[in-house]
Amino acid sequence: MDISIIGSGYVGLVTGACFADVGHHVICVDNDQRKVDALQSGQIPIYEPGLEEVVHRNVSAGQLAFTNNIEYGVGHSQIVFIAVPTPPQPDGSVDLTYIERVAREIAEVLKDYRVIVDKSTVPVKTGEKVAETIRRYNKGGIDFDVVSNPEFLREGCAVSDLMNPDRIVIGSNSERALTLMKKVYEPFMAPIMVTDINSAELIKHAANSFLALKISYINAISTICEATGADVEMVAEGIGADKRIGRSFLNAGIGYGGSCFPKDVAAFIAISEQLGAPLALLREVQRVNKLQRERFIKKIKDTLWVLKDKRIAVWGLTFKPDTDDVRNSVAIDLVNDLLSEGAIVRAYDPKGMEKVVELKLCEGVMLTRSALEAAENAEALVLATEWREFQAIDFEQVRKIMHTPIVFDGRNLFDPRTMRRLGFTYHGIGRGIVG
Ligand code: UDX
């Protein structure tokens, strides 16, 4: 199939690369000339395991190309995917400016039947607006169909998520569009769910909000564990073993972050309120998430007392491991909380430090070349992102180089008993008497 994808951000680029890898001809269109130049010269703007290799392989094979010319992209494809950002507005609702602009631009260059697919995360009923806009701005009255096809990939494992999806949701009211969409996804051999457009849009917001709810639920349980001496890890195993619940997304910590959950929960609340069916439950999800970081800071303060001039090492800055994405990272918020208390923070992250500097996210933090360098002479160590490499560190050595061996584990990465045996004062999340 000939496919174009408008927007070469996270979703657009990974989708384009994977579509090309299964044999489609893909043109990625982006209006940022610098990004297009970089991609054409083989530079990948994001760190995502496996992505660089897939992009290079398919560019060399002539399956994948980059351009800033939307007319060329739309002209040379049967299906046009929209994968542009849908950033949040101050009130939590979604800014649909980019979607509207792309819909107009497509309309202006549309000369033959095309399927226009919305892959960006959008509020329910956006598909209807996209169709209305294209109809209004297309002078030739050309036939087209709008489809909603939400993306469920996670950063850090985006390529494998896209290549092995749990399900593919296609929201469409046209048999013609559906036939073409099924051809796009045939090589992935995954279950395809066909719905109406509104349901497909709703599935994305409802899925992300449910996952956020699961995290806030276990985080709320972690406070009960701390109050009673129970261990949240054991509780998560116990409830997660019930197939109806499942163990994933029951990892207690300092809260969820990233460019999706905070934005999507806020957007879902906003649209539910606009529709007169407010999802008050999700406000509690947000409250618990914020509280989790505040409780963690309080734990640090209760132990270290005054934070001013205290030397604190922070391991991990990205919003989760295996990515260089530091947007809406709870780890960054945590570093800024510590800095605002006057602490001297030395931080290390395997992939995120360049972006921290570029985006000026933690002014005043000292970034180090290794995890050990950050821990040197520190009065406490804070684990904020659970990178695997931190688990492999020699803690005998960490204890020797720290000024005082106190560890605050914000992601329950370490085993409390082992840490204690090694001579550390250990504080996890909801680890009760063992922590
Ligand atoms: C999420 C959805 O998982 C994905 O389907 C959607 O397409 C985009 O949004 P992503 O934001 O990349 O993906 O990461 P995810 O792995 O879901 O983690 C989000 C946040 O939740 C991270 O900050 C992570 O640390 C936190 N988290 C996750 C927990 O605190 N506990 C958990 O058990 C799982």
Side-chain angles (χ1 to χ4, degrees), residues 9-12 14-15 18 46-49 51 83 85-86 88 119-122 149-162 164-169 200-201 203-222 232-233 235-237 239-240 245-268 285-286 288-293 295-296 315-334 349 352 383-388 390 409-413 428-430:
Y10 228 101
V11 170
V14 179
T15 308
C18 292
I46 48 171
Y47 170 74
E48 186 61 45
L51 180 62
T86 48
K119 221 178 210 328
S120 304
T121 301
V122 292
N149 172 221
E151 183 47 63
F152 301 100
L153 60 79
R154 290 162 299 170
E155 293 187 22
C157 44
V159 173
S160 74
D161 277 358
L162 214 136
N164 311 291
D166 288 343
R167 79 305 204 182
I168 286 149
V169 175
E201 290 170 339
I203 285 170
K204 178 63 197 266
H205 267 156
N208 268 4
S209 299
F210 185 77
L211 292 169
L213 180 141
K214 241 183 137 178
I215 299 168
S216 278
Y217 182 76
I218 199 68
N219 281 337
I221 298 289
S222 77
V232 76
E233 294 297 314
V235 175
E237 288 300 327
I239 60 176
I245 297 173
R247 175 64 180 82
S248 61
F249 282 72
L250 284 180
N251 296 320
I254 46 177
Y256 60 78
S259 58
C260 292
F261 284 172
K263 175 182 86 124
D264 292 352
V265 171
F268 205 23
V285 168
Q286 290 179 315
V288 171
N289 198 52
K290 187 162 166 274
L291 192 67
Q292 205 63 4
R293 186 179 104 230
R295 288 195 324 110
F296 191 66
W315 286 358
L317 294 167
T318 51
F319 85 99
K320 62 184 275 189
D322 296 323
T323 177
D324 62 352
D325 198 346
V326 287
R327 293 172 297 168
N328 293 314
S329 168
V330 184
I332 298 282
D333 293 338
L334 198 67
D349 187 280
L383 184 288
T385 314
E386 67 279 30
W387 286 87
R388 262 189 306 273
F390 298 145
D409 182 354
R411 296 289 176 186
N412 287 350
L413 184 68
I429 306 283

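Whatever order the structure lists ligands and atoms in, that order sets their numbers, starting from 1. For reference, positions follow the sequence shown, starting with 1.
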>> Can you tell me how far apart CG (Leu162) and CD (Glu48) are? Round to the nearest 0.5 Å.
In response: 10.0 Å
> Listed by chain and number, what are the salt bridge (Lys or Arg N to Asp or Glu O under 4.0 Å) partners of Lys119, not counting sequence neighbours?
Replying inline: Glu151
> Can you tell which part of Lys320 has a heavy atom less than 4.0 Å from ligand 1: side chain, backbone, both or neither?
Replying inline: side chain
> Would you call Arg388 and Asp322 a salt bridge, using N to O less than 4.0 angstrom?
Replying inline: yes
> If you measure from the Lys or Arg side-chain nitrogens to the Asp or Glu carboxylate oxygens, is any gap between Arg411 and Glu233 under 4.0 Å?
Replying inline: no
> Quick one: does Glu386 get an N or O within less than 3.5 Å of an N or O on ligand 1?
Replying inline: no
> Just which atoms of ligand 1 are under 4.0 Å from any heavy atom in Ile215?
Replying inline: 21 (O), 26 (C), 27 (N), 28 (C), 29 (C), 30 (O), 31 (N), 32 (C), 34 (C)
> Between Arg154 and ligand 1, does any nitrogen or oxygen pair lie at a separation below 3.5 Å?
Replying inline: no
>> Is Gly253 close enough to touch ligand 1? Criterion: a residue heavy atom under 4.0 Å from a ligand atom.
In response: no
>> Quick test: of every protein heavy atom, which one is nearest to atom 12 (O) of ligand 1, and how far off is it to 0.1 Å?
In response: Glu155 N, 2.7 Å
> Below 4.5 Å, heavy atoms only, C-beta onward: do Ile245 and Leu250 meet side chain to side chain?
Replying inline: yes
> Going through the checks in order, is the side-chain hydrogen bond (donor to acceptor under 3.5 Å, both in side chains) test met by Asn251 and Arg247?
Replying inline: CA-CA 8 Å; Asn251 296 320; Arg247 175 64 180 82; 3.0 Å; yes
> Considering only heavy atoms, does Thr385 approach ligand 1 within less than 4.0 Å through its side chain, its backbone, both, or neither?
Replying inline: neither
> Is there at least one pair of N or O atoms, one from Phe152 and one from ligand 1, spaced under 3.5 Å apart?
Replying inline: yes
> What distance do Lys263 atom NZ and Thr86 atom OG1 have between them, rounded to the nearest 0.5 Å?
Replying inline: 3.0 Å
> Is the number of heavy atoms from other residues, nucleotides or ligands under 6.0 Å of Tyr217 OH greater than 12?
Replying inline: no
> ligand 1 and Phe319, any nitrogen or oxygen pair closer than 3.5 angstrom?
Replying inline: yes
> For atom 30 (O) of ligand 1, which protein heavy atom lies nearest, and how many Å away is it?
Replying inline: Arg411 NH1, 3.3 Å
>> Among all protein heavy atoms in this structure, tell me which lies nearest to atom 21 (O) of ligand 1, with the distance rounded to 0.1 Å.
In response: Tyr256 CB, 3.3 Å
> Are Lys214 and Phe210 side-chain neighbours, meaning at least one heavy-atom pair lies under 4.5 Å?
Replying inline: yes
>> Under a plain distance cut-off of 3.5 Å, with no hydrogens placed, do Gln292 and Ser222 share a side-chain donor-acceptor pair?
In response: yes
>> Tell me the contacting part of Lys204 for ligand 1: side chain, backbone, both, or neither, using a 4.0 Å heavy-atom threshold, strictly below.
In response: side chain
>> Considering non-hydrogen atoms of the protein only, which is the closest contact for atom 31 (N) of ligand 1, and what is the distance?
In response: Asn251 O, 3.0 Å
> Do the non-hydrogen side-chain atoms of Ile254 and Ile429 ever get within less than 4.5 Å of each other?
Replying inline: yes
> Would one find an N or O of Gly258, backbone or side chain, under 3.5 Å from an N or O of ligand 1?
Replying inline: no
> Which residues satisfy the salt bridge (Lys or Arg N to Asp or Glu O under 4.0 Å) test with Arg154, sequence neighbours excluded?
Replying inline: Asp161
>> Tell me the contacting part of Asn208 for ligand 1: side chain, backbone, both, or neither, using a 4.0 Å heavy-atom threshold, strictly below.
In response: side chain
> Side chain, backbone, both or neither: which part of Lys214 has a heavy atom under 4.0 Å from ligand 1?
Replying inline: neither
> Tell me, which protein residue and heavy-atom name are nearest atom 6 (C) of ligand 1, and how many Å apart are they?
Replying inline: Leu153 O, 3.3 Å
> Donor-acceptor pair, Lys320 side chain versus Gly258 backbone, under 3.5 Å?
Replying inline: no
> Which residue and non-hydrogen atom of the protein lie closest to atom 9 (O) of ligand 1, and at what distance in Å?
Replying inline: Cys260 CB, 3.1 Å
>> Starting from atom 34 (C) of ligand 1, what is the nearest protein heavy atom, named by residue and atom, and what distance separates them?
In response: Phe249 CD2, 3.4 Å
> Just which atoms of ligand 1 are under 4.0 Å from any heavy atom in Glu151?
Replying inline: 7 (O)
> Are any of the N or O atoms of Phe261 closer than 3.5 Å to those of ligand 1?
Replying inline: no
